[in-house]
Protein chains: 2
Amino acid sequence: MPDAPAASDCVIALDVGGTGMKGAVLDRTLTPLETLRRPTPRSSGPDAVVDAIAAALCGLRDHAEARGLTVRSAGAAVPGIVDEAAGRALHSANIGWSDLPLAALLGEATGLPVALGHDVRAGGIAECRIGAARGALDALFVPVGTGIAAAILCDGRPVRGLGHAGELGHVVAEPGGARCACGSRGCLETVASAAAVAAAYTERSGRPVDGAARVAALVARGDPVAVAVWDRAVDALASALATVSTLLAPGLVVIGGGLAEAGDLLIEPLRDRLHERLTFQRGPDVVRARLGDRAGCLGAGILAWEAAGSGPMAVGTEHGIDDEFRTTVSVEETHAPDPH
Amino acid sequence: MPDAPAASDCVIALDVGGTGMKGAVLDRTLTPLETLRRPTPRSSGPDAVVDAIAAALCGLRDHAEARGLTVRSAGAAVPGIVDEAAGRALHSANIGWSDLPLAALLGEATGLPVALGHDVRAGGIAECRIGAARGALDALFVPVGTGIAAAILCDGRPVRGLGHAGELGHVVAEPGGARCACGSRGCLETVASAAAVAAAYTERSGRPVDGAARVAALVARGDPVAVAVWDRAVDALASALATVSTLLAPGLVVIGGGLAEAGDLLIEPLRDRLHERLTFQRGPDVVRARLGDRAGCLGAGILAWEAAGSGPMAVGTEHGIDDEFRTTVSVEETHAPDPH
């Protein structure tokens, strides 16, 4: 067993999204000591994104070292298809890279061991270790935003399969339904993503809305078009989760992303309709995510600690993370100076 | 590490089905040295079934000892909801037991360590270690018979979840379709099980058939009703497997059970239609199972060797199991004398 981390040890972690990056220096209890948010220069191409990731990590490393901390390792969570074990970013239509040895490239740039993670799976790991699914071994983390994805945890480990496991948004919810960007029809995310909910309301009512939060507000006020759109989304989500329950029997489903901001307006009917659809199957509890948009960064931090030899059991148990931590942690909007 | 098994070491294994039990004395290469088949006395109630299981295992043990072998442990695979780790048979509507400490009861009866397994998961373990999915870490074993079940292996381990994971037969294939015995509608097994295929042919043609094998023969001859029934079953299976591919991205699907006896008449169109339904997802290969109705018993044997301290890596590698083994192994119809 490697040594337990010292109080002056830390890791650095970065969650790379299609529009922005969220980074943090995390101590051994996963408390952020420094945070960073900056845009992802996606329009400048994949090489520029790799440079920006390296620059963000180097910036975090320098901040940590300036505080007298020892940076044990780095973690980076990225979208698309990721081979965590090989440290390769296999594909991202969004960012445009293909079969990139990203962990090695970032290792060279930072001089640190780098753990590569998948954004949604990293978020799922964080929700399972220190968030809403803490202690659960068989759970689903489902961010419902512009799209719908899932991190499927079986026996405490995220399922990868051939690489694209967890694409819940592309389970067919309405056979023969609307064309999806993936080329299929009636995919769950054509009905139940935050983007689909907003678009369906606009289409049916003729009144543009700026997002699903607005539709949720209209549902709360009893707007009949909003209620119909919301019901259809909840039904489609319940149907897809019933399929997952039948196949995998998870004990817990954690809903995150923009749509989860609606809170019980989403969670309660979703839980009820899921359970109505099940017969012999034990239904999972359905709860709202707790880590918000920090999940991916905290997950990258957990992967970094694991790469440093601090196993997952250490996080959230020995390290004294408690409920208070999760409500007080806040990754601030601190535009750190670009070291380039 | 425990000692490697000696040449005179063996395990005993039993697969308990709703109608019959299949048992074997298995050496360290999983070669059967003795086999046993006998009916499951289901109509006499669960206590009688437990007694019969114990008697079958004691019989196998005695046979092995009479040959001068050392029985290291026993494995029993049973249907229903099984908690393998706790050694408990939680529920079987078919056999009628409920929350039974079966491993402990059989341990007392036999004087051996007893590993309890789930019939389908044990079969999946056997197909993955020494059968059609040998070497695959992310695979599905799908026996299609009277019902449809699945063993889902993620990273080499069968998924249990809350206990009923793998109920592929109860994924909804035709929303609003025929009532299923489970209480839901349009479950995959109402369309695509061997029993459903035979029933649908009889209903549409007015001509009773004795099973899906007869329907398959009619398909091969171009009987239009048989072709339509078969197509619908293949479509429903392809749809359910597309959902599984989207969620879990397995590399391989192994089809077993009675319907797989149709061979390429089933496997080829199923593989094609599954791949047609996928867009960005990498599709799994679809192949026929290799261990036939011996899979559950061999899986129970693998669990028994694991209980004896011989890890799964030992099976099929160090122990020299090769392709020849799988084609020459035959669990014979040897009605061993009942020791009671």
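Bear in mind that the values here come from a model prediction, so they are computed numbers and not experimental data. All heavy atoms count here, side chains included; hydrogens, waters and symmetry mates do not. So that the names make sense, note that chain A is the first sequence line, chain B the second, and so on, each numbered from 1.
One distance of note links CZ of Arg273(B) with CD of Glu268(B); it measures 12.0 Å at 0.5 Å rounding. Atom-to-atom distance recorded for Thr190(A):OG1 and Glu174(A):CD is 6.0 Å, nearest 0.5 angstrom. The structure places NE2 of His170(A) at 4.5 Å from SG of Cys180(A), a figure rounded to the nearest 0.5 Å. Between the CD atom in Glu84(B) and the CG atom in Leu90(B) there is a gap of 9.0 Å [rounded to 0.5 Å].
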request  = Go through the steps to decide whether Arg277(A) and Asp235(A) satisfy the test side chain to side chain contact (heavy atoms under 4.5 Å, CB included), and finish with yes or no.
outcome  = CA-CA 10 Å; Arg277(A) 284 170 179 272; Asp235(A) 267 345; 4.2 Å; yes
**Q.** Test side chain to side chain contact (heavy atoms under 4.5 Å, CB included) applied to Val82(A) and Arg88(A), step by step
**A.** CA-CA 6 Å; Val82(A) 179; Arg88(A) 298 183 87 90; over 6 Å; no
| Leu188(A)/Leu168(A) under side chain to side chain contact (heavy atoms under 4.5 Å, CB included): CA gap, chis, key distance, verdict | CA-CA 7 Å; Leu188(A) 178 64; Leu168(A) 184 69; 4.0 Å; yes
Let me see the working for Arg290(B) and Arg134(B) under side chain to side chain contact (heavy atoms under 4.5 Å, CB included), right down to the final yes or no.
-> CA-CA 10 Å; Arg290(B) 298 188 66 167; Arg134(B) 188 172 176 185; over 6 Å; no
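A salt bridge links Arg129(B) to Glu306(B): one of the charged nitrogens lies within less than 4.0 Å of a carboxylate oxygen.
Side-chain atoms of Thr246(B) and Gln281(B) form a donor-acceptor pair, as typed in the model, at a separation below 3.5 Å.
Contacts between Val172(B) and chain A at a heavy-atom distance below 4.5 Å are absent for every atom of the residue. With a 4.5 angstrom heavy-atom cutoff, Ile152(A) touches chain B only via side-chain atoms. Looking at Ser239(A), neither its backbone nor its side chain comes within 4.5 Å of chain B, counting heavy atoms on both sides. Using a 4.5 Å cut-off between heavy atoms, Arg157(A) contacts chain B through its side chain alone, with no backbone atom that close.
Near-neighbour residues of residues 137-148 of chain A relative to chain B, defined by a heavy atom under 4.5 Å from a heavy atom of that chain, comprise Asp138(A). Of residues 248-258 of chain A, those residues lying under 4.5 Å from chain B by any heavy-atom pair are Leu248(A), Ala249(A), Pro250(A), Gly251(A).
Chain B forms the most heavy-atom pairs under 4.5 Å with one residue out of Arg282(A), Glu167(A), His164(A), and that residue is His164(A). Chain B forms more heavy-atom pairs under 4.5 Å with one residue of Leu278(A), Leu247(A), Val159(A) than with any other, namely Leu247(A). Per-residue counts of heavy-atom pairs under 4.5 Å with chain A were compared for Cys154(B), Gly163(B), Gly166(B), Ala150(B); the largest is that of Gly166(B).
In summary, the aromatic rings of His91(A) and Phe280(B) are positioned with their centroids too far apart to meet the 6.0 Å limit.
Contact detail for Pro158(B) and Arg121(B): the closest heavy-atom pair is CB-CD, 3.6 Å.
Side-chain atoms of Leu274(A) and Pro284(A), non-hydrogen and from C-beta on, do get closer than 4.5 Å to each other.
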